[in-house]
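Here is the structure we will look at, set down as structure tokens.
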2 protein chains.
Amino acid sequence: MSTIRDVAKLAKVSVATVSRVINESGYVNVKTKQKVEEVIEELDYRPNDVARSLFKGKSKMIALFVPDIMNPFFPELARAVEDITNKHGYTFILCNTDNDNKKEMAYMNALLQKSIDGMILVSNTMTASQIKDTKVPIISLDRKTRSDLISVTVNNREGARQAVGYMKELGCKRIAHIAGPDSASSARSRMEGYLNEVQEEKWFSNSFIRAGNYSIDEAYKVTKTLLKDNPNIDGIFVANDLMAVGVLKAAASLKIKVPDELSVISFDGIKLGETTSPALTTMAQPIYHIGKRAAEILLEKIEKPGTVIQSEEHQVQLIIRESTREKRLKE
Amino acid sequence: MSTIRDVAKLAKVSVATVSRVINESGYVNVKTKQKVEEVIEELDYRPNDVARSLFKGKSKMIALFVPDIMNPFFPELARAVEDITNKHGYTFILCNTDNDNKKEMAYMNALLQKSIDGMILVSNTMTASQIKDTKVPIISLDRKTRSDLISVTVNNREGARQAVGYMKELGCKRIAHIAGPDSASSARSRMEGYLNEVQEEKWFSNSFIRAGNYSIDEAYKVTKTLLKDNPNIDGIFVANDLMAVGVLKAAASLKIKVPDELSVISFDGIKLGETTSPALTTMAQPIYHIGKRAAEILLEKIEKPGTVIQSEEHQVQLIIRESTREKRLKE
DNA sequence: TAGTGTTATGTAACCCGTTACATAAACGCG
DNA sequence: CGCGTTTATGTAACGGGTTACATAACACTA
């Protein structure tokens, strides 16, 4: 690999001049510039980014923290962030945290030592004190952490309320909820929205709520006991699509017909929900869009440190597919 | 951020001594070491990895190139590679190439400028000449590129043969094939395996083969015309699970019952195949395992440049679910 | 013509670790 | 006691860029 000094020598100029040519900064005579560019071509010279980073204290790298890229919600987010940051010349680092605060902190420290320029977190566990002395821009995505990070989220509470409201419109009389992990703000908000809609109903009972952890298997288990304990349930609002797959399986194993005997509505709008049978009715998030926005905001913070930036809350949208019963005009 | 010189000054030693303490190299007196460690603690000193990288010419970063992380085959691969490399102290970079050779080369050049230590490619398009002068270790994963890269793959031809063989055992008499993109070596091998099994059959016709591109939508389209043109087809071997979802949809839209009227078998063994209805019978790859092996081999090449390393071909395994008909002892 | 501004280029310090090499004290042994 | 070895520590070059500052030629203006 040739260096800037090799180029300078061959072009019979100083390294400063070569640097000016590369960066199109300062004054360089047209003929000199041409000569330097010829030599760069000849030597196939590429500036060493590490040396640049060292001097500038910036690396042109950003990181995305997700619990687990194997959870189908995250690839779309990751893709969005990678698309945007790549377009701006940044390198994209992916970190799987398993919701483990130790892992998160280990990644964070390692990345700071590499002069990372910014991070986007999908995290529950990060606390304010853990990031308060970090001067690197950080954005929270999908969830709100216990800190004052700028966040890009969706309107979980209202979305949940609408989902449950829709089931009520359909004529469901006993609507249960498979909740997400209490540690996730998104899960708590969705539960709130559910409670908003059902708490005042005479039929409502706390035993209609079961805790899941956003995974298929756990949802399968808790739904089975839920439905055994409460055979009269005719609707379930599931905190995410992935768990809804478990719910569908549980219903099938109990020979409960969806949607005829049981309506299922969930949240997220991942592709997977189109392929189940019945296909999932769901409150869809603009997943790619929020990932994109988080990346855009992060880059804004990195490149124009002054500008004031606000958190964003995006809208969700009901997608009616097959897991909810048809609306009956008359009962 | 404090530097090694700050530490040296406060501990009243030279930077070389501090460096020795950090790296546990060379001779350092026990008391000196203690003193230095105290100062490091006090200043919360963390060595700057960029400076290290510059001197060493290594970055402790590796990259994985995939066509698109949103394709459900790749997250598991990515997770495996990230798990292994992270455990060894490497930072994991993800690149979505969209099978675009231009994008691949752009990523590659950018990463080389960052002193990347190694790369794992899931690529069709990379040619030998494009990587021949790269001194950085590169492994090909899932596919074989047109080059002499070491690769970690599965036995696609034989797996396909077995899949088709299994359908014949089930009594299928006319087996079609939805193929993957001809540019992918995996797709070509699977087609070969299919041909091996069916070419000699009297019923075989070239019109039984339709080209897909490993995506749901395209598979849906071509399957529809396939089944309309050839109503007597009673089995389809689909080159990957994702396309099988499209096949299932096409069959459903034509009111063809799977598996009663049509058996469907595919390839990959992604989680998605468990959630469709009917669940997919498939030739499962050890996805996480091959990702893990690719990462392990890469690290071996990075850390012990001398050792000779061989390509690996792993075995696939038939997983019988619901999309293939029951075996009948007698017809 | 002195003074100011613009253009052009070079020198060397700087970013922050690592390590080759130099120096020197302490130790072991014949 | 003298010499080789082990232990301990420091100095300074190095990796490969960037940029503040110095210098100088030249144009233009008062």
Side-chain angles (χ1 to χ4, degrees), chain A residues 1-37 39-40 43-61 89 109-117 135-136, chain B residues 1-37 39-40 43-61 89 109-117 135-136:
Chain A
M1 266 284 168
S2 40
T3 72
I4 196 170
R5 280 165 238 269
D6 300 331
V7 175
K9 199 170 293 176
L10 210 70
K12 298 200 180 66
V13 296
S14 72
V15 292
T17 300
V18 179
S19 182
R20 282 184 207 109
V21 172
I22 300 169
N23 298 298
E24 304 186 24
S25 65
Y27 292 111
V28 183
N29 184 289
V30 189
K31 302 206 101 186
T32 314
K33 189 180 169 196
Q34 252 170 36
K35 176 69 187 160
V36 170
E37 279 168 345
V39 174
I40 287 177
L43 295 182
D44 192 29
Y45 164 72
R46 319 274 174 81
N48 180 323
D49 269 341
V50 179
R52 268 187 182 161
S53 290
L54 178 58
F55 187 87
K56 299 241 179 155
K58 296 187 169 189
S59 61
K60 282 263 170 182
M61 301 192 298
N109 287 324
L111 293 173
L112 290 173
Q113 291 192 34
K114 286 189 147 47
S115 300
I116 191 95
D117 290 347
K135 290 148 304 292
V136 170
Chain B
M1 266 283 169
S2 39
T3 73
I4 197 170
R5 280 163 236 269
D6 299 331
V7 175
K9 200 170 291 176
L10 209 69
K12 299 199 180 67
V13 295
S14 72
V15 292
T17 300
V18 178
S19 181
R20 282 184 208 109
V21 172
I22 300 169
N23 299 297
E24 304 186 24
S25 65
Y27 293 110
V28 183
N29 183 288
V30 190
K31 301 205 100 183
T32 314
K33 188 181 169 196
Q34 252 170 37
K35 176 68 188 163
V36 170
E37 280 168 344
V39 174
I40 287 177
L43 294 182
D44 192 27
Y45 166 72
R46 318 273 176 80
N48 180 323
D49 269 342
V50 179
R52 269 188 182 161
S53 289
L54 177 58
F55 187 86
K56 299 239 179 159
K58 298 188 168 189
S59 60
K60 282 261 167 186
M61 302 193 299
N109 288 324
L111 293 173
L112 290 173
Q113 292 191 34
K114 285 188 149 45
S115 301
I116 191 94
D117 290 347
K135 290 147 302 293
V136 170

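Model, not experiment: these values are computed from the prediction. Throughout, protein chains are lettered first and strands after them, A, B, ... in sequence-line order, and every chain is numbered starting at 1.
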Using atom CZ of A:Arg5 as one end and atom C1' of D:dG15 as the other, report the distance to the nearest whole Å. 9 Å

B:Asp49 and B:Arg52 ion-paired at < 4.0 Å: yes

Nearest-Å distance, CD1 (A:Ile4) to C1' (D:dC14)? 16 Å

Contact check, residues 52-61 of chain B vs DNA chain D, heavy-atom distance under 4.0 Å, returns B:Leu54, B:Phe55

A:Ser53 side chain reached by A:Ser59 side chain, heavy atoms, under 4.5 Å: yes

Beyond-backbone contact of A:Arg20 with A:Lys33, side-chain heavy atoms, under 4.5 angstrom: no

Along DNA chain C, 5' to 3', what are the outermost nucleotides having an atom less than 4.0 Å from a heavy atom of chain B? C:dC16 to C:dT19

Does any non-hydrogen side-chain atom of A:Asn109 lie less than 4.5 Å from one of B:Arg46? yes

Evaluate the side-chain proximity of B:Val13 to B:Val7: yes if any heavy-atom separation is below 4.5 Å, no if none is. no

Is any side-chain heavy atom of B:Ile4 closer than 4.5 Å to a side-chain heavy atom of B:Ile22? yes

N/O donor-acceptor pair under 3.5 Å between B:Asp117 side chain and B:Lys58 backbone: no

Student check: side-chain heavy atoms of B:Leu10 and B:Leu43 closer than 4.5 Å: yes

Measuring only between side-chain heavy atoms, which start at C-beta, is A:Val21 closer than 4.5 Å to A:Thr32? no

I need the residues from residues 17-30 of chain B with at least one non-hydrogen atom less than 4.0 Å from DNA chain D; give them sorted by number, or say none. B:Thr17, B:Arg20, B:Tyr27, B:Val28, B:Asn29

Pick base, sugar-phosphate or nothing for A:Lys31, based on heavy-atom distances below 4.0 Å to the nucleic acid. nothing

Looking for any heavy atom pair under 4.0 Å, which part of the strands does A:Lys33 touch: base, sugar-phosphate only, or nothing? nothing

For the backbone of B:Thr3 and the side chain of B:Asp6, can you confirm whether one donor and one acceptor N or O come within less than 3.5 Å of each other? yes

